[in-house]
Peer 1: 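Below you will find the structure I want to go over with you.
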Amino acid sequence: MSTSAARVSDSGRLAFHDVLSDDGTRLRAWTNDPDGVLGGPTVVLCNGLGTSAFAWPALLSSDCDVRVVSWNHRGTGGSERPVDPDRVDVGAFVEDALSVMDHFGVDRAVLMGWSAGVNTMFELATEHPERVTGLFAVAGVPGDTFSTMLGPARLPRIAARALTVNLSRVAKVGGRALTPLTTRIPVGRRMIDVLSHSGFMFPVADPELAAAAVGEFLTTPVDWYAHLALRTSEHPRVPLSRIRVPVTFVAATYDVLAGARHMRTAAERVAGAEYVELRGSHFIQMEQPERVHELLLALLDRVG
């Protein structure tokens, strides 16, 4: 664990809970407010696929005034794999989100999603609108995610989907052979420096915390992650006409995993939605944490 990640854990700003989902799968849930001392509203984070709390430096900051509850996806970060391995679709993730909300005593809340977590967030909002007061979408689209990937290349949606889904299939087949290598990759400041100048990720605000996020991500077996991704790819576009709460979309201009133009058109289909585009990558909340947090607080003010 990096120095920043250890500092977060030692300070008591991150606590983990075991939560049972509806099908009996044990989830590793977490909160940035273990003692219930934060005076701000509660936000439910539907995180990026296989990612951890360390990907959100602003939420782990000592001056964060928002209580966050979230969980790690099935088979990642200490959460169990389900008995039925196919129970890793967006519908199952919605059940997990509701179980986490119930565990923490959250009846209604603003949902925040990142990447594939935006799918979960919008699906929950359409299926259980009574539990949702607002939506904050970061670098993600409301369904049919794989057709919006490789956005800067401006590929047709059908071509982008075919390419990225087939890459995931290859990763699933060859994942067992790759996992012994990926889990042993040394993740430190040097690796983050390389990543942050690759175009895939831009320079981050807290390299040590970013190293913890990448290191935690690489603990997931490649074949299992590819399986999660393929099941997520089956999630269709959400009917946005059913959304009746305040929504903010935060896109990144050079995002290769959730095209900014696709997020913009989604925002145009939601009455009263706000769209903000920042210069950055898919990891915009790691690159500009203060700006993204400001936008979250602005949405919370709109919700009231």
Side-chain angles (χ1 to χ4, degrees), residues 1-22 24-82 92-115 117 120-121 124 131-133 136 138 187 204-206 208-220 285-286 289-290 292-293 296-297 300:
M1 184 181 293
S2 74
T3 302
S4 291
R7 190 167 63 243
V8 166
S9 298
D10 293 343
S11 68
R13 291 199 301 273
L14 190 61
F16 296 92
H17 297 239
D18 282 343
V19 176
L20 285 182
S21 195
D22 288 356
T25 302
R26 180 183 55 78
L27 307 172
R28 195 183 196 208
W30 59 268
T31 178
N32 68 340
D33 185 25
D35 300 319
V37 297
L38 292 178
T42 296
V43 171
V44 178
L45 171 63
C46 302
N47 216 349
L49 199 63
T51 59
S52 66
F54 302 128
W56 291 88
L59 302 182
L60 302 181
S61 172
S62 59
D63 59 357
C64 177
D65 54 358
V66 176
R67 177 194 185 215
V68 177
V69 298
S70 188
W71 75 101
N72 295 335
H73 288 95
R74 297 170 171 229
T76 75
S79 292
E80 287 182 336
R81 294 189 185 187
F93 296 159
V94 168
E95 292 178 6
D96 295 345
L98 293 172
S99 296
V100 170
M101 292 176 72
D102 292 343
H103 173 83
F104 285 102
V106 180
D107 293 327
R108 303 175 72 230
V110 167
L111 306 183
M112 177 164 61
W114 172 42
S115 191
T120 302
M121 177 184 79
L124 197 160
R131 305 295 299 267
V132 180
T133 59
F136 189 73
V138 179
V187 181
V204 297
D206 189 333
E208 292 180 346
L209 205 57
V214 174
E216 182 71 18
F217 176 77
L218 291 177
T219 63
T220 301
Q285 85 285 359
M286 299 166 69
E290 293 183 359
V292 173
H293 197 63
L296 172 62
L297 295 178
L300 293 172

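Positions are given from 1, in the same order as the sequence printed here. Heavy-atom basis, side chains included; hydrogens, waters and symmetry copies ignored.
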Peer 1: Could you tell me whether the side chain of Glu95 and the main chain of Asp22 form a donor-acceptor pair under 3.5 Å?
Peer 2: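 It does not hold such a pair.
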Peer 1: Before accepting this row, confirm whether a basic side-chain N of the pair Asp102/Arg131 lies closer than 4.0 Å to the acidic partner's carboxylate O.
Peer 2: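 Salt bridge: yes.
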Peer 1: Please report the shortest heavy-atom distance between Ala213 and Ser52, naming the atom on each side.
Peer 2: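 So the two residues come closest at CA-OG, 4.1 Å.
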Peer 1: Under 3.5 Å, side chain of Ser79 to main-chain N/O of Asn72, donor-acceptor pair present?
Peer 2: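 Side chain of Ser79 to backbone of Asn72, a donor-acceptor pair under 3.5 Å: yes, one is there.
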Peer 1: Is there a side-chain contact between Met112 and Cys46, using heavy atoms and a 4.5 Å cut-off?
Peer 2: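 Met112 does not reach Cys46 side chain to side chain.
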Peer 1: Please find the pair of heavy atoms, one from Trp30 and one from Leu14, that lie closest to each other, and give the distance.
Peer 2: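 Looks like CE3-CD1, 3.5 Å.
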Peer 1: Is a donor on one side and an acceptor on the other found under 3.5 Å between the side chain of Asp206 and the backbone of Glu208?
Peer 2: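 Yes, because the side chain of Asp206 sits within donor-acceptor range (under 3.5 Å) of the backbone of Glu208.
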Peer 1: Heavy atoms only: give me the nearest Val19-Ala29 pair and the separation to one decimal.
Peer 2: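 For Val19 and Ala29, the tightest heavy-atom pair comes out as CG2-CB, 3.7 Å.
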Peer 1: So which atom in Phe93 and which in Leu49 form the shortest heavy-atom distance, rounded to 0.1 Å?
Peer 2: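 For Phe93 and Leu49, the tightest heavy-atom pair comes out as CE1-CD1, 4.0 Å.
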Peer 1: Indicate yes or no: at least one non-hydrogen side-chain atom of Thr51 is less than 4.5 angstrom from one of Glu216.
Peer 2: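 Thr51 does not reach Glu216 side chain to side chain.
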Peer 1: Are Phe104 and Thr42 side-chain neighbours, meaning at least one heavy-atom pair lies under 4.5 Å?
Peer 2: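 Contact flag for Phe104/Thr42 side chains = no.
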Peer 1: Does the side chain of Thr25 come within less than 4.5 Å of Arg74's, by heavy atoms?
Peer 2: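 SC-SC contact between Arg74 and Thr25 confirmed.
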Peer 1: With no hydrogens and no angle check, just 3.5 Å: does a side-chain donor-acceptor pair link Asp33 and Thr31?
Peer 2: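 Side chains of Asp33 and Thr31: no pair found under 3.5 Å.
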Peer 1: Do Ser70 and Asn47 pair up side chain to side chain, a donor and an acceptor below 3.5 Å, judged on atom types alone?
Peer 2: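 Per modelled atom types, Ser70 and Asn47 side chains form no pair under 3.5 Å.
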Peer 1: Does Arg108 reach the side chain of Val132, with side-chain heavy atoms less than 4.5 Å apart?
Peer 2: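 The answer is no, as the side chains (C-beta and beyond) never meet within the 4.5 Å cut-off.
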Peer 1: Can you name the nearest heavy-atom pair linking Ala97 to Leu124, along with the distance?
Peer 2: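 That would be CB-CD1, 3.5 Å.
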Peer 1: Quick check: does any side chain N or O of Asp96 sit under 3.5 Å from a backbone N or O of Ser21, one acting as donor and the other as acceptor?
Peer 2: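 Here the side-chain-to-backbone pair does not exist.
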Peer 1: Less than 4.5 Å apart, any side-chain heavy atom of Leu38 and any of Arg13?
Peer 2: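 Heavy-atom side-chain distance check fails, nothing below 4.5 Å.
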Peer 1: Is any side-chain heavy atom of Gln285 closer than 4.5 Å to a side-chain heavy atom of Val204?
Peer 2: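 No, side chains not in contact.
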Peer 1: Within a strict 4.5 Å, meaning less than it, do heavy atoms of the Arg67 and Val43 side chains meet?
Peer 2: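 Arg67 does not reach Val43 side chain to side chain.
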Peer 1: Kindly say whether Ala58 contributes a backbone atom to a donor-acceptor pair with the side chain of Ser61 at under 3.5 angstrom?
Peer 2: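 Not confirmed, Ser61 side chain does not pair with Ala58 backbone.
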Peer 1: Between Asp18 and Arg28, is there a salt bridge with N-O shorter than 4.0 Å?
Peer 2: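 No, no charged N to carboxylate O under 4.0 Å.
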